[in-house]
Amino acid sequence: MTTRPARRTDRRRRLTGPTAVSAAALLALSACSASSGTSGTDGAAAGSRSPSAPAGLSGTVTVFAAASLKESFTELGTRFEKAHPGTHVSLNFGGSDTLAAGITGGAPADVFAAASTRTMSVVTDQGDADGAPVTFARNQLEIATLPGNPDRITSLADLTRPGLKVVLCDASVPCGAAARKALDAGGVSLTPVSYEEDVKGALNKVVLKEADAALVYRTDVKAAGDKVAGVDFPEAARAVNDYPIVALKNGDNAAAARAFIDLVRSADGRKVLTDTGFRTP
Amino acid sequence: MTPPRPTGTATVLPGGPRRGRPRTGVPLPLLLPALAGLAFLVLPLAALLVRAPWSSLPEQLTSPEVWQALRLSLVCATSATALSLVVGVPLAWLLARTDFPGRGLVRALVTLPLVLPPVVGGVALLLALGRNGIVGRWLDAWFGVTLPFTTAGVILAETFVAMPFLVITVEGTLRAADRRYEEAAQTLGASRFTAFRRVTLPLIAPGVAAGAVLAWARALGEFGATITFAGNFPGRTQTMPLAVYLALQNDPAAAIALSLVLLAVSVAVLAGLRDRWTNAS
């Protein structure tokens with residue numbers, strides 16, 4: 001009973017030798033393709049890697065990801081497991097702040113994908129990141145309104161129309177801070193009926209038709225399907241949220257962590273992300 | 001009319017303890033768990049006091065938003081308790097004193113809000129009384145009344161989660177109360193309602209008061225149903241628990257300070273009431 005796990009860690013240690021080498025090679029490869037900047041080489045690199053990589057990748061890779069990444073990362077996790085038989089992607093979604101607190105508290109995670117650079121810096125400041133974070137997605141605000149847009153809302157200024165019930169996120173949460181920035185950028189002074197505690201709270205008020213409009217993220221509008229209509233507005237570009245991703249020191253599957261991050265940043269990964277409403281850098 | 005002497009006044013039972021008078025010491029099997037229970041309840045509060053930002057407390061407490069939220073909390077919790085008394089006591093009487101098919105089911109339904117996560121309760125209230133709710137849409141169409149995002153909405157949300165405490169307490173007291181007084185009053189010509197008003201109600205007053213205190217305390221701390229049904233707007237629907245939660249997002253010290261205010265006020269009110277009753281009885 002006591003020798004079994006010991007032997008297992010031993011075997012893993014022996015395995016990590018060649019894995020580490022190949023991981024370093026992969027890292028160099030991906031660094032090259034990343035610096036070359038074209039998505040084509042990146043995608044090609046990811047494609048050519050898959051046949052050779054499975055030899056080195058096994059075990060579980062634990063990914064802590066912001067709640068808004070649920071749809072896209074669940075899909076990417078499935079793809080990763082398919083591309084690397086024998087691996088398992090364990091996904092933990094939550095508020096970025098909560099996840100960051102978990103990681104700095106010693107939670108055994110291999111990858112952290114945050115919804116803001118501020119929450120990422122909590123982890124990097126504690127020295128828990130293995131390498132520098134890279135931005136892999138961007139999210140921006142959109143007006144969510146009732147299906148079919150019965151109030152004919154076309155701009156941020158339309159939200160100030162009397163009789164229109166608008167909800168915003170509270171300024172203490174990221175979507176509220178972004179809303180404030182966008183409203184300031186547009187010179188729009190708006191008094192909502194409520195400052196919601198998070199973005200889903202704001203969205204749900206429109207889904208349940210209690211409010212006529214809310215400022216939420218594009219990904220939320222996309223996830224709500226036909227229950228709300230989305231209206232883009234130019235001021236949203238002034239309040240964009242960057243999503244950084246990084247490998248973690250606490251993790252015990254560094255090679256798979258890097259491979260997962262490569263997948264997220266590959267052409268396939270970008271496709272999945274843009275399908276759920278993100279923009280990619 | 002002297003009440004029939006209750007059986008079981010402890011001290012002079014024949015065949016009691018061998019020694020002439022009962023022992024007054026507290027048995028250890030009761031004392032130890034009691035102390036453990038007390039410590040468990042008090043410890044988190046003590047931690048709150050220990051970690052409170054005492055130096056910045058005065059400045060936190062002089063902000064007008066805090067007093068606004070506190071005043072709203074007290075007004076809403078008291079209104080919710082009053083509303084619970086008006087409909088909850090008759091409901092408890094119905095459950096305790098009448099026999100109708102499905103009474104067990106009705107009693108289970110009454111306790112349902114205790115089990116329901118408050119946020120779900122808030123969504124249920126929106127579906128029932130919201131602008132687009134099954135009853136709320138008629139309120140809106142006929143009377144122009146919309147409840148979400150209003151102070152009235154806060155009171156309703158708090159009543160929904162707090163009233164079961166009152167109903168259960170009062171029903172228990174009614175069952176324990178001696179029915180013979182009511183029956184005597186009725187044989188002497190009082191109507192059933194007069195008997196309730198003049199005989200039963202004074203008899204169960206301590207139980208009603210205890211239930212009201214429970215309901216008031218629950219209403220004062222209510223968060224989930226309130227923010228879901230009534231939203232969060234300073235001065236209109238932002239009660240103390242909402243202010244505490246939002247402060248927790250980026251200023252935990254302020255959140256602790258606000259919690260302390262809420263605790264201090266509730267302890268003062270409850271202790272004050274308690275003294276009044278014990279003096280009265």
Side-chain angles (χ1 to χ4, degrees), chain A residues 67 94-101 104 115-116 118-119 121-122 145-148 150-151 162-180 190-216 227-228, chain B residues 65 68-69 118-120 122-134 136-137 139-141 144-154 156-157 223-239 241-255 258:
Chain A
S96 298
D97 283 297
T98 317
L99 296 175
T104 54
S116 72
R118 186 182 60 80
T119 42
S121 67
V122 172
T145 185
L146 303 176
D151 298 303
L164 217 54
K165 287 187 175 176
V166 180
V167 294
L168 298 178
C169 294
D170 191 78
S172 63
V173 295
C175 60
R180 179 70 26 230
L190 171 68
T191 307
V193 290
S194 174
Y195 294 101
E196 295 291 315
E197 83 277 24
D198 60 26
V199 68
K200 293 296 177 196
L203 181 75
N204 280 336
K205 292 292 194 295
V206 179
V207 170
L208 294 168
K209 298 189 168 63
E210 289 307 329
D212 301 303
L215 284 186
V216 298
K227 294 195 190 77
V228 301
Chain B
E65 288 101 52
Q68 205 176 32
V119 176
V120 181
V123 172
L125 282 171
L126 280 178
L127 295 176
L129 301 173
R131 190 172 65 166
N132 200 43
I134 53 177
R137 71 173 67 191
L139 289 178
D140 192 17
V145 174
T146 48
L147 292 166
F149 310 122
T150 64
T151 306
V154 177
L156 283 185
F223 170 76
T226 307
I227 200 164
T228 310
F229 184 58
N232 168 58
F233 194 88
R236 193 164 65 219
T237 64
Q238 188 183 71
T239 56
L242 271 57
V244 169
Y245 177 83
L246 291 166
L248 205 55
Q249 299 296 308
N250 51 12
D251 190 358
L258 292 176

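Chain identifiers are assigned alphabetically (A, B, ...) following the order of the sequence lines, protein sequences preceding nucleic acid strands; residue numbering begins at 1 within each chain.
Within the 4.5 Å cutoff, the side chain of A:L208 has no heavy atoms near those of the B:N132 side chain. Under the 4.5 Å side-chain criterion, counting only non-hydrogen atoms from C-beta, A:E210 is in contact with B:F149.
In this structure, no portion of B:L242 lies under 4.5 Å from any heavy atom of chain A. With a threshold of 4.5 angstrom between heavy atoms, B:T146 approaches chain A through side-chain atoms but not through N, CA, C or O. Heavy atoms of A:D170 lying under 4.5 Å from chain B belong exclusively to its side chain.
Of all heavy-atom pairs between A:K205 and B:T228, the closest is NZ-O, 2.9 Å. When all heavy atoms are compared, the tightest approach of A:V193 to B:F233 is O-CB, 3.6 Å. Closest approach of B:R131 to A:K209, counting heavy atoms only: NH2-O, 2.8 Å. For the pair A:S194 and B:G231, the tightest heavy-atom approach, listed with the atom from each and the gap, is OG-CA, 3.2 Å.
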B:N232 vs A:E196, test: side chain to side chain contact (heavy atoms under 4.5 Å, CB included). Steps then yes/no.
CA-CA 6 Å; B:N232 168 58; A:E196 295 291 315; 5.6 Å; no
